[in-house]
There are 2 protein chains.
Amino acid sequence: MLTISQLAAYTGVTVRAVRHYHHMGLLPEPQRDASGYRRYGAKAVVSLVKIRTLAAAGVPLSQVAQMLEADAAAFSEAVQRIDSQLREEIERLEDSRKQIAQLAAGDNLALPPEVASYLDRLRQIGASERLVEAEREGWILAAASWPGHIAEMMPGKVEQLNNPQLVRLYRLASQLIDSNANDDDPRLEELADIMASMAEQADANGEMNIATTAHDELAFDLLDALAIESEPRIQRLQNLLRERGWAGWTRQRRLA
Amino acid sequence: MLTISQLAAYTGVTVRAVRHYHHMGLLPEPQRDASGYRRYGAKAVVSLVKIRTLAAAGVPLSQVAQMLEADAAAFSEAVQRIDSQLREEIERLEDSRKQIAQLAAGDNLALPPEVASYLDRLRQIGASERLVEAEREGWILAAASWPGHIAEMMPGKVEQLNNPQLVRLYRLASQLIDSNANDDDPRLEELADIMASMAEQADANGEMNIATTAHDELAFDLLDALAIESEPRIQRLQNLLRERGWAGWTRQRRLA
DNA sequence: ATGCAGGGTTGACGCAGCGTCAAGGTCAAG
DNA sequence: CTTGACCTTGACGCTGCGTCAACCCTGCAT
């Protein structure tokens with residue numbers, strides 16, 4: 001007659017596991033001796049070996065009982081089920097590994113790699129880290145808003161960075177974002193001038209009328225809100241832009 | 001300002017998950033409106049996208065916070081850690097699949113395949129299902145007692161099945177095990193005769209003195225106990241054997 | 001005004017498979 | 001008699017939410 005720890009040691013499981021199997025009803029409760037200790041016979045060893053064999057093979061405990069009673073056909077059917085569950089789980093984990101490998105490369109947490117290189121270009125033309133970070137968050141939001149459509153926008157955005165006006169704009173913005181300039185800093189006026197000028201050009205080139213869905217409206221609203229949450233002084237800039245005939249931020253439109 | 005379900009829908013997670021992230025401290029609790037509803041700004045969208053990106057990549061939530069704050073070096077180090085954890089988990093599951101594939105083939109739950117074919121031979125020489133089942137459980141116990149040493153014993157055991165005396169013994173035992181013969185059935189005497197005779201032969205051939213360790217003693221005790229638990233009438237057989245000068249069951253020794 | 005559907009709120013249990021205290025009672029040896 | 005090793009039951013912890021429960025808020029149709 002074995003005690004619980006002897007049984008556990010013999011079959012290579014923990015005492016806690018044995019009690020757990022009792023609790024699950026997988027292993028019948030044995031008789032108790034005079035002091036209330038569990039006393040196990042040889043059949044318990046055999047049962048426990050079977051249980052831990054199935055459990056070690058990845059069979060959920062909830063299905064072990066059925067499998068122990070199953071005939072050959074039902075058994076191999078169950079084996080098939082378990083195996084395909086294991087395969088699914090493995091596949092999920094493999095996917096995770098791929099995703100995490102994507103993350104490993106640099107700047108692109110939650111972003112396609114095209115955006116990462118766009119952000120690198122921004123740095124090259126003199127944008128400050130804080131501005132790049134703000135852009136990055138904007139593109140994260142954009143990527144969530146239009147999944148799969150961000151990568152194709154990047155070539156155009158990179159191209160635009162060759163525009164000296166835009167370079168000037170980003171540098172000026174970087175200065176302001178890194179300073180504690182207040183609302184009457186004259187550089188804000190300069191920024192507004194540049195933006196108004198660029199808006200005029202875009203409008204003239206017919207680059208400004210994009211049909212938008214309701215979902216798009218929300219997305220643009222969020223982008224605008226993100227900008228202001230990140231940098232409240234943008235509100236002042238928006239006022240200056242309105243004085244120059246332009247409303248909006250992420251997407252601008254001419255005032256009546 | 002978004003409600004919680006709008007935020008959740010926008011980022012592709014469930015409302016419950018968002019609240020869970022609040023609870024974990026991953027996502028800061030936003031301000032409440034007049035009626036106590038959570039109201040989210042655009043930054044929350046960005047934060048949530050980052051969180052679900054890491055989570056979807058298999059990063060444990062407990063480590064997400066650190067990774068969001070980490071610099072490039074710490075980040076890629078963390079990625080390495082996560083990845084190796086994922087690899088380990090995948091390996092465990094692959095092992096499970098191998099184990100379960102082993103189980104798939106027939107008779108060998110918790111037994112090496114050599115034993116399965118030995119059991120098949122037993123059936124062929126006329127052993128009943130119940131006897132085979134009892135043998136099977138015995139070998140499960142043996143396999144747990146001497147892991148890795150069972151396979152090498154099988155050729156000898158199969159060989160022994162060519163002994164007509166042993167065949168007779170198994171057939172007789174099968175009859176008795178399937179009947180409700182009581183202790184004074186004459187076939188018990190015949191069984192005892194055969195077993196005593198075979199013991200004499202084994203003894204004469206010097207096949208009976210195996211050095212045993214303490215662990216072995218326990219194993220043999222368990223095997224004996226298993227036999228009696230499975231078939232109490234074996235006790236009567238043991239008495240008859242003792243009358244013929246032999247003690248024990250799984251392992252027999254001559255009485256003084 | 002009212003009622004109802006469809007939000008929102010906190011709180012708590014459930015799952016899988018045990019690990020790990022807690023707070024004792026028991027046993028064997030010195 | 002003490003001590004240390006084992007036994008008992010009971011209950012929380014872990015992971016990442018899903019799923020009630022019980023109740024409050026809001027906006028729209030009647």
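Side chains are part of it too, since the values below use all heavy atoms of this structure and drop only hydrogens, waters and symmetry mates. Computed from a predicted structure; not experimentally measured. We name chains A, B, ... by the order of the sequence lines, and we start the count at 1 in each one.
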Peer 1: Just verifying a value: how many Å separate B:D183 CG and B:Q235 CD, rounded to the nearest 0.5 Å?
Peer 2: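 Here the interatomic distance stands at 9.0 Å.
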Peer 1: Heavy atoms under 4.0 Å is the rule here; annotate nucleotides 25-30 of chain C 5' to 3' with B where the base is hit, S where only the sugar-phosphate is, and - elsewhere.
Peer 2: BBS---
Peer 1: Under 4.0 Å, counting only non-hydrogen atoms across every strand here, what does A:R38 touch: a base, just sugar-phosphate, or nothing?
Peer 2: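 Result for A:R38 = sugar-phosphate.
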Peer 1: Between B:H215 and B:F220, is the ring centre distance below 6.0 Å?
Peer 2: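 Centroid separation for B:H215 and B:F220: 6.0 Å or greater.
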Peer 1: Going 5' to 3' on DNA chain D, which nucleotide is the first and which the last to come under 4.0 Å of a heavy atom in chain A?
Peer 2: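 Result: D:dC6 to D:dA11.
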Peer 1: Any side-chain N or O of B:R39 less than 4.0 Å from the OP1 or OP2 oxygen of C:dG7?
Peer 2: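 So the side chain of B:R39 is outside the cut-off, no N or O lying under 4.0 Å from OP1 or OP2 of C:dG7.
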Peer 1: Is any NZ, NE, NH1 or NH2 atom of the basic residue among B:R87 and A:E94 found under 4.0 Å from an Asp or Glu carboxylate oxygen of the other?
Peer 2: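 No salt bridge links B:R87 with A:E94.
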Peer 1: Less than 4.0 Å between a side-chain N and a carboxylate O, is that true for B:R92 and B:D95?
Peer 2: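 Salt bridge flag = no for B:R92 with B:D95.
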Peer 1: Tell me, with the steps shown, if B:Q31 and B:R38 meet side-chain hydrogen bond (donor to acceptor under 3.5 Å, both in side chains).
Peer 2: CA-CA 6 Å; B:Q31 301 215 318; B:R38 292 178 178 83; over 6 Å; no
Peer 1: Is the ring pair A:W139/A:Y118 parallel, tilted or perpendicular, if the boundaries are 30 and 60 degrees?
Peer 2: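 Correct class here is perpendicular.
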Peer 1: Any ion pair linking A:E129 and A:R136 (charged N to carboxylate O, less than 4.0 Å)?
Peer 2: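 Here A:R136 does not pair with A:E129 in a salt bridge, since their nearest N and O are not under 4.0 Å apart.
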Peer 1: Taking everything shown except B:E91 itself, do over 12 heavy atoms lie less than 6.0 Å from its CD?
Peer 2: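 No, the 6.0 Å shell around CD holds no more than 12 heavy atoms from other groups.
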Peer 1: Show the distances under 3.5 angstrom between N or O atoms of the protein and N or O atoms of nucleotides 16-18 of chain C.
Peer 2:
| from | atom 1 | to | atom 2 | distance (Å) |
| --- | --- | --- | --- | --- |
| C:dG17 | OP1 | A:L61 | N | 3.2 |
| C:dG17 | OP2 | A:L61 | N | 3.2 |
| C:dC18 | OP2 | A:Y21 | OH | 3.2 |

Peer 1: Work out which heavy atom in A:T3 is nearest to a heavy atom in A:Q6; give both atom names and the distance.
Peer 2: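 Closest approach of A:T3 to A:Q6: N-OE1, 2.8 Å.
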Peer 1: So, B:K50 and A:E137, do they make that salt bridge, N to O below 4.0 Å?
Peer 2: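 A:E137 and B:K50: salt-bridged.
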Peer 1: Using atom NE2 of B:H23 as one end and atom P of C:dT10 as the other, report the distance to the nearest whole Å.
Peer 2: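 Between P of C:dT10 and NE2 of B:H23: 11 Å.
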